[in-house]
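Chain A is the first sequence line, chain B the second, and so forth, proteins listed ahead of strands; every chain is numbered from 1. Note that the coordinates shown come from a computational prediction; the quantities given were computed from them, not determined experimentally.
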2 protein chains.
Amino acid sequence: MSHCNTIIDTLRQRGYRITPQREIVVDILAHAGRHITAEEIFDQMQKRIRVTNLSTVYRTLDVLWEEGFACRNDLSEGKTVYATHQHGPHIHLVCRRCDAVLDANSQVLDAMGEEIRSRYGFDADLQHLSIFGICADCSA
Amino acid sequence: MSHCNTIIDTLRQRGYRITPQREIVVDILAHAGRHITAEEIFDQMQKRIRVTNLSTVYRTLDVLWEEGFACRNDLSEGKTVYATHQHGPHIHLVCRRCDAVLDANSQVLDAMGEEIRSRYGFDADLQHLSIFGICADCSA
DNA sequence: GGTGCAATTGCAACTATTTGCATTAAGGAT
DNA sequence: ATCCTTAATGCAAATAGTTGCAATTGCACC
């Protein structure tokens with residue numbers, strides 16, 4: 001079963017209604033394989049369904065984010081980007097000066113997630129963390 | 001010397017021009033002692049200066065953020081909040097379900113910052129990290 | 001297969017933030 | 001103190017994202 005069927009089925013089990021619009025958004029997001037904006041999803045969506053609306057895209061992305069199927073990232077480029085967790089866990093190191101985005105892994109992340117869980121009972125989503133700072137080039 | 005004089009002087013040294021508007025924004029932000037929105041800063045600012053503009057506030061906050069004097073946080077409440085680092089380092093644990101924000105400290109943060117610096121040469125700003133997830137109440 | 005009700009949609013209006021551009025003014029040189 | 005350069009401002013228009021509401025439609029129940 002594909003990743004997007006899993007998402008759709010789980011949403012249905014949780015009491016959400018599955019509309020064609022939602023299926024299309026999930027499909028586009030799950031197959032994007034990269035970070036994508038709401039606008040891009042809307043553009044692709046319009047090729048598949050006659051009448052639809054940007055706010056439906058935003059609302060669906062909200063649901064996916066609340067339910068833990070998508071991550072949203074403000075990479076400080078003026079737009080928010082979204083991805084499914086399929087895209088793989090990593091940290092975005094976003095430079096405040098040049099806006100460059102460096103993808104990183106951190107072995108410390110798991111330890112931090114565990115610490116947060118044990119101390120605060122908070123289930124942190126560390127799949128796509130954005131961390132701001134100054135990149136090597138800019139601090140040189 | 002107060003914190004906001006330090007900021008102003010450093011900005012001047014770095015080649016920024018110090019306008020009354022900038023001084024006021026820095027002063028309000030440095031003395032807020034909490035997270036504050038651009039709109040709140042603008043409201044307070046209007047009590048001190050006749051003619052001014054919201055976009056000036058946004059532009060000044062951008063500079064302060066780029067130069068490392070302020071942090072910006074999207075707490076997913078529809079507005080972005082700002083603070084100086086004076087406010088003290090901590091993590092915001094933001095619940096995706098109920099939007100509750102829990103402030104936390106993490107001993108693991110320093111280790112992570114060090115790891116990121118040594119592996120990627122990236123100077124991460126971990127003073128005010130926002131981490132999304134599900135809070136203890138909502139996961140119960 | 002038909003019915004009912006509440007969730008979801010499309011639309012339009014609204015809020016938050018950014019940007020282009022003409023004007024103003026900071027601050028280094030004189 | 002005045003001049004000059006160019007960064008910063010104010011304004012208005014644009015862009016990103018949200019929200020209220022009437023119309024539509026999924027889907028649970030018969």
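Not counting sequence neighbours, B/Arg17 has no partner by the salt bridge (charged side-chain N to carboxylate O under 4.0 Å, His left out) test.
Once rounded to the nearest 0.5 Å, the distance linking NE2 of A/His92 with CG of A/Leu129 reads 8.5 Å. To the nearest 0.5 Å, atom CD1 of residue A/Ile36 and atom OG1 of residue A/Thr80 are 13.5 Å apart. Note that CD1 of A/Ile24 is 7.5 Å distant from OG1 of A/Thr52, once rounded to the nearest 0.5 Å. For the atom pair CD of A/Gln21 and CG of A/Asn53, the computed distance is 9.5 Å after rounding to the nearest 0.5 Å. To the nearest 0.5 angstrom, A/Asp137 atom CG is 11.0 Å from B/Phe122 atom CZ. Rounded to the nearest 0.5 Å, atoms CD1 (B/Ile131) and CG (B/Leu102) are 11.0 Å apart.
Taking five base pairs at each end of the helix from C/dG1-D/dC30 to C/dT30-D/dA1 and finding the rotation axis that steps the C1' atoms of four pairs onto the next four gives two axes whose angle is 40°, to the nearest 10°.
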| task | Would you mind building the protein contact string for nucleotides 22-30 of chain C? One character per nucleotide, 5' to 3', B for base within reach (heavy atoms under 4.0 Å), S for sugar-phosphate only, - for untouched. | result | ---BBS---

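Distance CZ (B/Arg59) to C1' (C/dT18): 9 Å, rounded to an integer number of Å. One can place CD of B/Glu40 at 11 Å from P of C/dT17, the figure rounded to the nearest angstrom. Across the protein-nucleic acid pair, B/Asp62 atom CG and C/dT19 atom P stand 8 Å apart, rounded to whole Å. In this entry the distance linking CD1 of B/Ile41 with C1' of C/dT17 reads 14 Å, nearest Å.
Within a heavy-atom distance below 4.0 Å of DNA chain D, the residues of residues 49-57 of chain B found are B/Val51, B/Thr52, B/Asn53, B/Ser55, B/Thr56.
Under 4.0 Å is where a charged nitrogen must lie from a carboxylate oxygen, and between A/Glu40 and A/Lys79 no such pair does. Look at A/Arg119 and A/Glu114 and you find no salt bridge, because none of the NZ, NE, NH1 or NH2 atoms lies under 4.0 Å from a carboxylate O.
Checked options A/Thr56, A/Val57, A/Val63; the residue passing with A/Thr60 is A/Thr56 (criterion: side chain to side chain contact (heavy atoms under 4.5 Å, CB included)).
Not a single donor-acceptor pair under 3.5 Å links the side chain of A/Arg96 to the backbone N or O of B/Asp125.
At C/dT17, one or more side-chain N or O atoms of B/Tyr58 fall inside 4.0 Å of OP1 or OP2 (strictly under the cut-off).
The footprint of chain B on DNA chain D, defined by a heavy-atom cutoff below 4.0 Å, extends from D/dT5 to D/dC11.
Counting only residues at least two apart or on different chains, the salt bridge (charged side-chain N to carboxylate O under 4.0 Å, His left out) pairs with a member in residues 51-63 of chain B are B/Asp62-B/Arg72.
If you chain together hydrophobic residues whose side chains sit under 4.5 Å apart, B/Met112 and A/Tyr120 fall into the same group.
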